[in-house]
2 protein chains.
Amino acid sequence: MSMQDTASSGVALWRLVADGIERGIADGRFVAGDKLPGEMEIAETYRVNRHTVRRALAALAERGIVRAERGSGTYVEAQKLAYPLRSRTRFSEIVGADGREPHGRLIEASDDAATRELARELGLKAGAPLVRIEAMRLADRTPICVSTTWLSAELFPGAGNVFAATRSMTKLLEHYGVRDYRRGATRITAGIVDATDAARLDLALGRPILVVDATDHDLDGKPLVTKHSRFAAERVEFLVES
Amino acid sequence: MSMQDTASSGVALWRLVADGIERGIADGRFVAGDKLPGEMEIAETYRVNRHTVRRALAALAERGIVRAERGSGTYVEAQKLAYPLRSRTRFSEIVGADGREPHGRLIEASDDAATRELARELGLKAGAPLVRIEAMRLADRTPICVSTTWLSAELFPGAGNVFAATRSMTKLLEHYGVRDYRRGATRITAGIVDATDAARLDLALGRPILVVDATDHDLDGKPLVTKHSRFAAERVEFLVES
DNA sequence: CCAAGTTGTCTATGATACTAGACAACTTGA
DNA sequence: TCAAGTTGTCTAGTATCATAGACAACTTGG
């Protein structure tokens with residue numbers, strides 16, 4: 001691996017090495033507590049200078065993924081949150097099941113007008129008044145995802161304030177008399193985090209995110225809320241059951 | 001956006017701009033045929049030199065995402081493949097439904113021994129003989145994903161040759177008398193493409209990929225094959241139905 | 001204690017990324 | 001035809017990336 005190989009890829013070499021090591025951890029080639037190969041050995045496998053490897057490891061160490069011990073070696077630290085995608089998906093339940101403490105945080109709430117896309121998703125007319133809620137979800141102080149949620153301002157007046165108080169979408173819906181709801185079709189893709197989300201998720205620029213678009217319906221199939229969520233890919237793994 | 005902001009993120013500035021524009025297209029802010037803002041305007045919104053924007057646009061143009069017209073502007077070109085995740089998921093059907101021509105290609109087949117992980121997934125003992133098939137799937141000549149598939153070498157002797165001939169996992173299983181099969185639990189996450197897959201998928205280094213791990217079972221629930229697939233995130237969108 | 005192997009830190013050098021400014025070539029609409 | 005706005009192409013200067021080598025500081029096992 002040389003500068004010529006990566007020419008015009010737009011990612012620094014040390015970043016490729018860091019991604020490679022991180023993937024090794026994600027794939028289970030290295031498990032929490034394992035000792036990584038020595039810097040020299042890593043340098044040889046990636047055909048890269050040892051300094052480049054050091055920079056990669058430093059980046060991983062700063063993110064808490066590995067920990068270097070002078071004279072001894074570099075060791076693996078972290079894990080991923082298993083996130084089942086079911087028709088009944090509640091963030092707090094999922095995080096709780098993993099033995100971690102769920103948190104919600106309101107970033108911003110504002111009024112908005114429905115684009116054609118949003119109107120179709122929510123069964124409203126284009127231009128209909130909406131409440132837009134920008135929120136963040138954490139597990140044990142680690143940011144997991146940020147999501148933008150839209151609700152009809154007519155069906156859910158003052159939804160922003162209710163969310164600010166309850167910090168839970170489930171409780172917000174309960175407040176308006178919705179006892180239960182189901183997730184409709186979910187669209188998943190991946191992308192690269194933008195500067196705004198990177199700051200919110202405490203993620204380095206250029207990290208991958210899982211992008212999820214979904215609409216929740218009540219039991220009669222009437223659309224309630226539609227969401228656009230961005231998950232830190234390095235901290236979560238979706239499970240689809242059949 | 002300055003070099004200081006991106007310091008130690010490991011992604012080139014032009015790459016962030018390119019990703020931002022591409023995401024604008026993915027999110028529907030720009031649709032195929034739309035004219036992008038002028039280079040100067042983009043440079044201002046990202047607070048970046050015009051040359052940096054030009055490099056970003058050049059990268060997008062090379063990938064066929066946009067097309068520049070001198071004296072006029074830069075225009076949007078492409079779309080994504082909708083990929084439903086059901087218990088009965090067949091690549092050829094999905095691509096066909098999108099009006100495109102599905103293709104399969106064998107990259108490599110070899111013998112392998114089951115790791116503890118693979119053995120558990122396939123209901124075998126660790127060290128059991130496996131056939132490992134590295135394959136690639138395309139839609140209209142565009143690479144969509146590469147996957148590594150493992151099967152028991154005892155249940156499916158010579159599976160590599162059969163796949164080479166049929167280039168279809170469904171037909172391979174039929175050859176061994178498996179008439180129907182179902183997908184079990186599927187794990188989805190995102191990552192950054194490595195050098196090998198980047199070459200196979202014709203993807204630039206540092207691009208995001210969707211990583212899917214799944215095991216297929218026969219109708220009695222007996223595990224047949226387990227797969228590790230990597231999808232070019234920029235070309236596909238998963239649909240989860242509830 | 002010693003030797004081998006590990007991570008930490010320094011200096012130096014060439015290649016690349018980004019910025020900056022200027023101007024050419026072309027398209028569009030008035 | 002003309003002016004404004006667009007993309008294309010030069011030249012330069014500065015900061016960062018990656019390589020290279022040497023040595024210090026520390027851990028581990030014999």
Side-chain angles (χ1 to χ4, degrees), chain A residues 1-21 30 33-62 64-77 192 195 204-206, chain B residues 1-21 30 33-62 65-77 195 204-206:
Chain A
M1 201 178 294
S2 68
M3 276 311 285
Q4 278 69 22
D5 292 335
T6 79
S8 79
S9 82
V11 280
L13 205 38
W14 64 264
R15 189 67 141 59
L16 297 180
V17 176
D19 289 341
I21 295 170
F30 305 113
D34 278 8
K35 177 176 171 177
L36 292 179
E39 292 172 353
M40 267 311 202
E41 189 176 338
I42 296 178
E44 277 161 21
T45 57
Y46 285 93
R47 289 159 198 258
V48 123
N49 193 278
R50 177 172 160 245
H51 293 292
T52 307
V53 172
R54 283 185 59 70
R55 179 145 193 192
L57 290 174
L60 292 175
E62 193 177 10
I65 310 235
V66 303
R67 167 182 38 85
E69 288 186 6
R70 183 176 191 150
S72 171
T74 305
Y75 301 83
V76 178
E77 293 272 52
I192 299 292
L205 290 172
Chain B
M1 201 178 296
S2 68
M3 276 311 285
Q4 277 71 22
D5 292 336
T6 79
S8 76
S9 82
V11 280
L13 207 37
W14 64 263
R15 190 69 141 59
L16 296 180
V17 176
D19 288 341
I21 294 170
F30 305 112
D34 278 7
K35 177 176 171 177
L36 292 180
E39 292 172 353
M40 266 310 201
E41 189 176 337
I42 296 177
E44 278 160 21
T45 57
Y46 285 93
R47 289 157 196 253
V48 125
N49 194 278
R50 180 175 157 242
H51 293 292
T52 307
V53 172
R54 283 184 61 69
R55 180 146 193 192
L57 290 174
L60 292 175
E62 193 177 11
I65 309 229
V66 302
R67 166 182 39 86
E69 289 185 7
R70 182 177 190 151
S72 172
T74 305
Y75 301 83
V76 178
E77 295 270 51
L205 290 173

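Note that the structure is a prediction, hence the values are computed from the model and not measured. First the proteins, then the strands, lettered A, B, ... as listed; each starts at 1. Below, each value reflects all heavy atoms present in this structure, side chains not excepted, and no hydrogens, waters or symmetry copies.
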_What is the distance, to the nearest angstrom, from the CD1 atom on Ile42(A) to the P atom on dG5(C)?_
17 Å
*Closest listed nucleotide, where the reference is the side chain of Ala12(B) and the choices are dA17(C), dG8(C), dT7(D)*: dA17(C)
*Take atom CZ of Arg15(A) and atom P of dC17(D), then tell me their distance rounded to the nearest Å.*
12 Å
*asked:* Here's a test for you: under side-chain contact (heavy atoms from CB on, under 4.5 Å), which of Leu16(A), Leu13(A), Ile42(A) qualifies with Val48(A)?
replied: Leu13(A)
*Between Gly71(A) and Gly38(B), name the one whose nearest nucleotide on DNA chain D is closer to the 5' end.*
Gly38(B)
*To the nearest angstrom, how far is Met40(B) atom CE from dT6(D) atom P?*
10 Å
*Quick one: CG on Leu60(A) to CH2 on Trp14(A), what's the gap to the nearest 0.5 Å?*
8.5 Å
*Side-chain N,O (Arg54(A)) to OP1/OP2 (dG8(C)) below 4.0 Å*: yes
*Under the side-chain hydrogen bond (donor to acceptor under 3.5 Å, both in side chains) test, which residues partner Glu77(A), sequence neighbours left out?*
Arg67(A)
*Round to the nearest Å and state the distance from Leu16(B) atom CG to dT19(C) atom P.*
11 Å
*Consider the side chain of Arg70(B), meaning its heavy atoms from C-beta on, and name the nucleotide among dA25(C), dG8(C), dC18(C) that approaches it most closely.*
dA25(C)
*Might you point out which heavy atoms bring Gly73(A) and Lys35(A) nearest each other, and give the distance in Å?*
CA-CE, 4.0 Å
*Between OG1 of Thr74(B) and CG of Asp34(B), what distance do you get to the nearest 0.5 Å?*
12.5 Å
*Hey, is the side chain of Thr74(A) poking within less than 4.0 Å of OP1 or OP2 on dT7(C), counting only N and O atoms?*
yes
What nitrogen or oxygen pairs link the protein and nucleotides 21-23 of chain D at under 3.5 Å?
residue: dG21(D); atom: O6; partner: His51(A); partner atom: NE2; Å: 2.4

*Does Thr52(B) make a side-chain N or O approach to OP1 or OP2 of dT19(C) shorter than 4.0 Å?*
yes
*In whole angstroms, how far is the C1' atom of dT7(C) from the CG atom of Leu60(A)?*
15 Å
*asked:* Rounding to an integer number of Å, can you tell me how far Glu41(A) CD sits from dA4(C) P?
replied: 19 Å
*Would you kindly give the CZ-to-P distance between Arg55(B) and dT9(D), to the nearest whole Å?*
15 Å
*Go through the steps for Phe30(A) and Leu36(A) under the test side chain to side chain contact (heavy atoms under 4.5 Å, CB included), then give the verdict.*
CA-CA 7 Å; Phe30(A) 305 113; Leu36(A) 292 179; 3.8 Å; yes
*Scan Arg70(A), Arg54(A), Arg55(A) and name whichever one has a salt bridge (Lys or Arg N to Asp or Glu O under 4.0 Å) with Glu39(A).*
Arg54(A)
*asked:* From CD of Glu39(A) over to P of dT7(C), roughly how many Å is that when rounded to an integer?
replied: 4 Å
